[in-house]
Amino acid sequence: MKKLIPSSIRHYALAGASCLFLLGAGLAPTPATADTGFTPAQRAEIVSIMRNALKTDPSILSEAITALQTQATARKASSALDAVRRNHAQFGQSTTDVVLGNPHGKLEVVEFYDPRCPYCRKVLADLDTLVASEPDLKLVEKVIPVLGPNSVMDTQAILAASLQNAYVPFQKALMADAASPSTDRIRRVAKKVGLDADRLVTDMKSPKVMDMMRQNLDLARSIDLEGTPTFVFGDKEIIPGAASLDELKAALTRLRKAG
């Protein structure tokens, strides 16, 4: 019969496993943490207990790693939300980005997306449904290039379209177009939605468009964004990835309750 490790020993073993994990990762303790007040004999006994505990129940180590990862994720989320609060005027209160839904809505949500990201394309229809179903939703769109030169080209084109007050129709048409990326493709899509294609191509390299793109990238870095789409719900929650419509609605409900 397998013997269960007493909870008190398991607690210390878990903590010790965390320490061993950190040491194994090259994070040596500082003199302050190393000086525990234990005698060499006591330290040796603790190490022996930890080793025996790990042999008896190897899940302790996996639990320690999971706990460390959970703590790291929580710290990262907290730091990202702090950045949102510090830059509130550039997130939910932005006056330089396109807003879908109610410009004066109290439910402020920011979406970071890459126009060439397949997950961002997939979520477009759900966002239309969400906006139509939530009269108090203010959805701020922040387009950023994270997938290379082709993403940069499409991002510049979408931002340039906003200078002709055609951000949404051009964005939808461009993101639905399956042709290979090129300036000719951008011209064709621009003409399709009634834009001045020559002006759009010129505006793509304009200081205003380049500055808009830089600002969005700076904000993305401030929250340590790792991929697109990423949704920022007020200053309460950040959801990375192609969340489903139900997940987005649930996050809006939490945001509304948070006030």
Side-chain angles (χ1 to χ4, degrees), residues 84 87-105 108-132 137-223 225 227-232 242:
V84 173
N87 299 287
H88 186 211
Q90 295 172 282
F91 279 89
Q93 290 293 312
S94 172
T95 58
T96 59
D97 295 289
V98 166
V99 173
L100 306 181
N102 183 354
H104 307 291
E108 297 174 352
V109 179
V110 176
E111 182 203 13
F112 287 93
Y113 76 95
D114 184 309
R116 299 205 60 78
C117 165
Y119 303 105
C120 298
R121 293 173 180 173
K122 182 179 179 181
V123 82
L124 277 176
D126 285 343
L127 293 180
D128 287 341
T129 301
L130 192 68
V131 167
L137 171 60
K138 176 183 180 181
L139 178 59
V140 181
E141 293 276 272
K142 290 190 177 291
V143 54
I144 55 173
V146 298
L147 298 176
N150 291 333
S151 289
V152 172
M153 182 189 301
D154 282 6
T155 295
Q156 290 172 314
I158 290 173
L159 292 173
S162 71
L163 302 183
Q164 296 187 47
N165 299 315
Y167 179 104
V168 173
F170 181 80
Q171 175 218 46
K172 290 184 178 299
L174 187 68
M175 291 179 69
D177 190 274
S180 299
S182 69
T183 302
D184 288 341
R185 167 178 173 264
I186 288 172
R187 285 182 178 276
R188 174 174 53 77
V189 173
K191 291 177 181 178
K192 180 180 178 181
V193 298
L195 296 184
D196 182 335
D198 290 335
R199 177 188 167 188
L200 185 137
V201 171
T202 298
D203 285 344
M204 284 172 61
K205 297 295 181 66
S206 68
K208 185 169 185 177
V209 164
M210 300 301 288
D211 189 55
M212 292 165 67
M213 185 170 65
R214 179 190 59 77
Q215 288 182 29
N216 285 349
L217 284 169
D218 285 346
L219 288 178
R221 293 187 186 101
S222 76
I223 62 171
L225 182 143
T228 55
T230 289
F231 298 92
V232 182

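Starting from 1, each residue takes its place in the sequence as its number.
- Counting only residues at least two apart or in different chains, salt bridge (Lys or Arg N to Asp or Glu O under 4.0 Å) contacts with residues 159-170 are absent.
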List the atom pairs, donor and acceptor, that lie under 3.5 Å between side-chain atoms in residues 169-176 and the rest of the protein, sequence neighbours left out.
residue	atom	partner	partner atom	Å
Gln171	NE2	Tyr113	OH	3.0
Gln171	NE2	Glu141	OE1	3.2
Lys172	NZ	Asp128	OD1	3.2
Lys172	NZ	Asp128	OD2	2.9

What's the verdict on side chain to side chain contact (heavy atoms under 4.5 Å, CB included) for Leu219 and Val84, showing C-alpha distance, side-chain angles and the deciding distance?
-> CA-CA 9 Å; Leu219 288 178; Val84 173; over 6 Å; no
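- At least one side-chain heavy atom of Leu127 sits less than 4.5 Å from a side-chain heavy atom of Phe231.
- Looking at every heavy atom in both residues, Ser162 comes nearest to Tyr167 through CB-CD1, 3.8 Å.
- A pairwise comparison of heavy atoms in Asn216 and Lys142 identifies OD1-NZ, 3.6 Å as the closest pair.
- Rounding to the nearest 0.5 Å gives a distance of 4.5 Å between CG of Leu159 and CE of Met212.
- Taking each heavy atom of Pro181 and Met153 in turn, the nearest pair found is C-SD, 4.5 Å.
- Looking only at distances, no side-chain donor or acceptor of Ser206 sits under 3.5 Å from a matching main-chain atom of Thr202.
- Contact detail for Gln164 and Asp196: the closest heavy-atom pair is OE1-N, 3.0 Å.
- A donor-acceptor pair under 3.5 Å is absent between the side-chain atoms of Arg116 and the main chain of Gly148, judged by distance alone.
- Panel note: side chain Asp114, backbone Thr228; no donor-acceptor pair is recorded below 3.5 Å.
- The line from CG of Leu200 to CZ of Arg187 is 9.0 Å long, rounded to the nearest 0.5 Å.
- Here the side chain of Lys138 pairs a donor or acceptor atom with the backbone of Gly92 at under 3.5 angstrom.
- Between Lys208 and Asp211 there is no salt bridge, since none of the side-chain N atoms of the basic residue sits less than 4.0 Å from a carboxylate O of the acidic one.
- Residue Leu195 comes nearest to Ala166 through the heavy atom pair CD2-CB, 3.2 Å, listed as atom of the first residue, atom of the second, then distance.
- With a 4.5 Å cut-off on side-chain heavy atoms, Arg188 and Asp177 count as touching.
- Contact of the Pro115 side chain with the Leu147 side chain is not registered, since no non-hydrogen atoms from C-beta on lie closer than 4.5 Å.
- Put simply, the side chain of Thr230 does not reach to within 4.5 Å of the side chain of Val110, judged on heavy atoms.
- Between Ser151 and Val146 the shortest heavy-atom distance is CB-N, 4.2 Å.
- To the nearest 0.5 Å, the span separating OG on Ser222 from CG on Leu217 amounts to 11.0 Å.
- In this structure, Val109 and Leu130 have side chains that are not in contact, with every pair of non-hydrogen atoms separated by 4.5 Å or more.
- Of the inter-residue distances, the one linking Glu108 atom CD with Leu139 atom CG reads 11.0 Å to the nearest 0.5 angstrom.
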Kindly indicate, with the supporting measurements, whether the criterion side chain to side chain contact (heavy atoms under 4.5 Å, CB included) is fulfilled by Glu111 and Leu100.
-> CA-CA 10 Å; Glu111 182 203 13; Leu100 306 181; over 6 Å; no
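- The shortest side-chain heavy-atom distance between Arg221 and Ile144 does not fall under the 4.5 Å cut-off.
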